[in-house]
**Q** 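Take a look at the following structure, please.
Hydrogens, waters and symmetry mates play no part in the numbers below; they use all other heavy atoms, side chains included.
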Amino acid sequence: MIGLMVQNKIRLFVEQELYNGNSLVVSKKEANYLFNVMRLKVGDHLHIFNNNNGEWLSKVTEKSKTTGSLECLNKIADSQKPPDVWLLFSPIKKSRTDFIVEKATEMGVAKIMPILTDHTNTTRISKDRLQLHAIEAAEQCGTNFVPEVVDLKKLSDVLDLWSKDRMIMFCDEAKKGSTEILKNSKNSWAILIGPEGGFTDHERIRLSSKKFVQNVSLGPRILRADTAVVAALTLWQSSIGDW
């Protein structure tokens, strides 16, 4: 029993459909993690999950250095889909961008959208690497939903194509807004966090001209971008999210 409990601490995100008795082939990377790093053997148990089928107890049925097989045994939990909120943020240094993706995954967002603003100082990011970081964060923190990470886009292009049905919570450090707009709101939302240098006057004017954009203050202190993400998500989740 103790051994099973230890094994169940291992959680793996998979793309395949999950249902009772289904057999899943693991990739070379997954096989290395499960069998070389975590030292799992045939007959050992672990948890597997995806965004659609929830979390399942599974058993190792085959293993080798480069591949292996898992069998779905029984469902443990339904998919924990987050509220309909996206995170738009301007990339910063690699380790702090990783922190943003990690915390957004832990705190519950449906999509992560890196954006390019006038003061963005980091333009070379890997969507695939950030997506893998979101998966690792979900595996480690216990959630069984992984938000989609999309390609870097210019803020101006995002606003041009934005749906009016989704509100944007604009966190502008230069103004003192109100959080009253968040109360009793049933809209779809996105949270917008700017770069380390802040938004330009031109960007603020354009954002303020959009009816779907609402200004919200994160307090009297200037926050680092990664801190602002945590503060904004906490405010949104506690006001109209699922907290």
**Q** Hydrophobic clusters here meaning ILVMFWY residues chained together by side-chain heavy-atom distances under 4.5 Å, can you tell me if I240 and V213 are in one?
**A** yes
**Q** Would you say M169 and V85 make side-chain contact, with heavy atoms under 4.5 Å?
**A** no
**Q** Keeping E71 on the side-chain end and G21 on the backbone end, is there a donor-acceptor pair under 3.5 Å?
**A** no
**Q** Using the side-chain contact (heavy atoms from CB on, under 4.5 Å) rule, take I48 and S58 through it: C-alpha gap first, then chi angles, then the decisive distance, then the call.
**A** CA-CA 7 Å; I48 55 179; S58 70; 3.6 Å; yes
**Q** Nearest 0.5 Å, please: how far is CG in N187 from NZ in K164?
**A** 14.5 Å
**Q** Taking the side chain as every heavy atom from C-beta outward, state whether F89 and I112 have any atom pair closer than 4.5 Å.
**A** yes
**Q** With no hydrogens and no angle check, is any side-chain donor or acceptor of S238 less than 3.5 Å from a backbone partner on L235?
**A** yes
**Q** Working to the nearest 0.5 Å, report the span between CG of L218 and SG of C171.
**A** 4.0 Å
**Q** So do the side chains of V101 and D98 get within less than 4.5 Å of each other, counting heavy atoms only?
**A** no
**Q** Taking all non-hydrogen atoms of both residues, which atom of A134 and which atom of P147 are closest, and how far apart?
**A** CB-O, 4.4 Å
**Q** For the CG atom of N144 and the CG atom of N50, what is their distance to the nearest 0.5 Å?
**A** 8.5 Å
**Q** Has the side chain of Q140 got a donor or acceptor atom that lies under 3.5 Å from a matching backbone atom of A137?
**A** no
**Q** For the backbone of L116 and the side chain of S90, can you confirm whether one donor and one acceptor N or O come within less than 3.5 Å of each other?
**A** no
**Q** In sequence, state the C-alpha distance, the side-chain angles, and the governing distance for F13 and N51, and then conclude on side-chain contact (heavy atoms from CB on, under 4.5 Å).
**A** CA-CA 9 Å; F13 175 82; N51 285 358; 3.9 Å; yes
**Q** Rounded at 0.5 Å granularity, tell me how far CG in L192 sits from CZ in F170.
**A** 6.5 Å
**Q** Under a 3.5 Å cutoff, is there a donor and acceptor pairing between the side chains of N22 and Q16?
**A** no
**Q** At what distance, to the nearest 0.5 angstrom, does CD1 of I100 lie from CZ of R224?
**A** 9.5 Å
**Q** Test of understanding: clusters of I, L, V, M, F, W, Y form through side-chain heavy atoms closer than 4.5 Å, transitively. Do L87 and L161 belong to the same one?
**A** no
**Q** Taking all non-hydrogen atoms of both residues into account, name the closest pair between T117 and P195 and its distance.
**A** OG1-CG, 3.2 Å
**Q** Does one hydrophobic cluster hold both I205 and F212, with members joined at side-chain heavy-atom distances below 4.5 Å?
**A** no
**Q** Within the 4.5 Å heavy-atom criterion, are H47 and I76 side-chain neighbours or not?
**A** yes
**Q** Are R166 and W86 in a cation-pi contact, defined as NZ or CZ under 6.0 Å from the six-membered ring centre and within 45° of the axis?
**A** yes
**Q** Do L233 and I191 have side chains that approach each other closer than 4.5 Å (heavy atoms only, starting at C-beta)?
**A** yes
**Q** Inspect the surroundings of NZ in K93 and state if more than 12 heavy atoms from other residues, nucleotides or ligands are less than 6.0 Å away.
**A** no
**Q** Check whether any side-chain heavy atom of L24 sits under 4.5 Å from a side-chain heavy atom of L18, and report yes or no.
**A** yes
**Q** W162, V150: one ILVMFWY side-chain cluster at the under-4.5 Å cut-off?
**A** yes
**Q** Do N20 side-chain atoms and L73 backbone N/O form a donor-acceptor pair below 3.5 Å?
**A** yes
**Q** Do D118 and T200 pair up side chain to side chain, a donor and an acceptor below 3.5 Å, judged on atom types alone?
**A** yes
**Q** For residues E106 and K103, determine if any side-chain heavy atom of one lies less than 4.5 Å from a side-chain heavy atom of the other.
**A** yes
**Q** For I115 and K154, run side-chain contact (heavy atoms from CB on, under 4.5 Å): C-alpha distance rounded to whole Å, both residues' side-chain angles, the deciding distance at 0.1 Å, then the answer.
**A** CA-CA 6 Å; I115 57 167; K154 292 182 179 180; over 6 Å; no
**Q** Looking only at non-hydrogen atoms, find the nearest pair between F99 and V230 and report the distance.
**A** CE2-CG2, 4.0 Å
**Q** Quick check on the hydrophobic clustering: are V146 and V109 connected, directly or via other members, by side-chain heavy-atom contacts under 4.5 Å?
**A** no
**Q** Just wondering, do V26 and S69 contact through their side chains at under 4.5 Å, heavy atoms?
**A** no
**Q** Is a donor on one side and an acceptor on the other found under 3.5 Å between the side chain of S239 and the backbone of W236?
**A** no
**Q** Show the nearest heavy-atom pair for residues S217 and G219, with the distance to one decimal.
**A** OG-N, 3.0 Å
**Q** Looking only at atom types and distance, does a side-chain atom of H119 sit under 3.5 Å from a main-chain N or O of F199, one as donor and one as acceptor?
**A** no
**Q** Please report the C-alpha distance between E196 and R96 in whole Å, then the side-chain angles of each, then the deciding distance to 0.1 Å, and finally whether the salt bridge (charged side-chain N to carboxylate O under 4.0 Å, His left out) criterion is met.
**A** CA-CA 11 Å; E196 293 176 313; R96 289 168 61 192; 2.9 Å; yes
**Q** Quick check for you: to the nearest 0.5 Å, what is the distance between K111 atom NZ and D84 atom CG?
**A** 9.5 Å
**Q** Does the salt bridge (charged side-chain N to carboxylate O under 4.0 Å, His left out) test come out yes or no for D44 and K63, once each step is laid out?
**A** CA-CA 11 Å; D44 284 345; K63 60 163 288 191; over 6 Å; no
**Q** For F49 and F145, I'd like to know if the aromatic rings sit close, meaning centre-to-centre distance below 6.0 Å.
**A** no
**Q** Please name the pair of heavy atoms, one in A31 and one in K65, separated by the smallest distance, quoted to 0.1 Å.
**A** CB-O, 4.4 Å
**Q** Tell me whether K153 at atom NZ has more than 12 heavy atoms from other residues, nucleotides or ligands lying less than 6.0 Å away.
**A** yes
**Q** Please confirm whether the backbone N or O of H133 pairs with a side-chain atom of E102, one donor and one acceptor, at under 3.5 Å?
**A** no
**Q** For residues L223 and A231, report the shortest heavy-atom separation together with the two atoms involved.
**A** CD1-CB, 4.0 Å
**Q** If you apply the rule side-chain hydrogen bond (donor to acceptor under 3.5 Å, both in side chains), what do you find for S64 with T67, and how did you get there?
**A** CA-CA 5 Å; S64 71; T67 188; 5.4 Å; no
**Q** After noting the C-alpha distance and the side-chain angles of I125 and L130, does the key distance pass the side-chain contact (heavy atoms from CB on, under 4.5 Å) rule?
**A** CA-CA 8 Å; I125 66 168; L130 292 180; 4.1 Å; yes
**Q** Using salt bridge (charged side-chain N to carboxylate O under 4.0 Å, His left out), reason through R11 and E55 one step at a time and then give a plain yes or no.
**A** CA-CA 9 Å; R11 304 177 71 247; E55 186 156 348; 2.8 Å; yes
**Q** Using salt bridge (charged side-chain N to carboxylate O under 4.0 Å, His left out), reason through K75 and D78 one step at a time and then give a plain yes or no.
**A** CA-CA 8 Å; K75 192 171 187 178; D78 292 328; 3.0 Å; yes
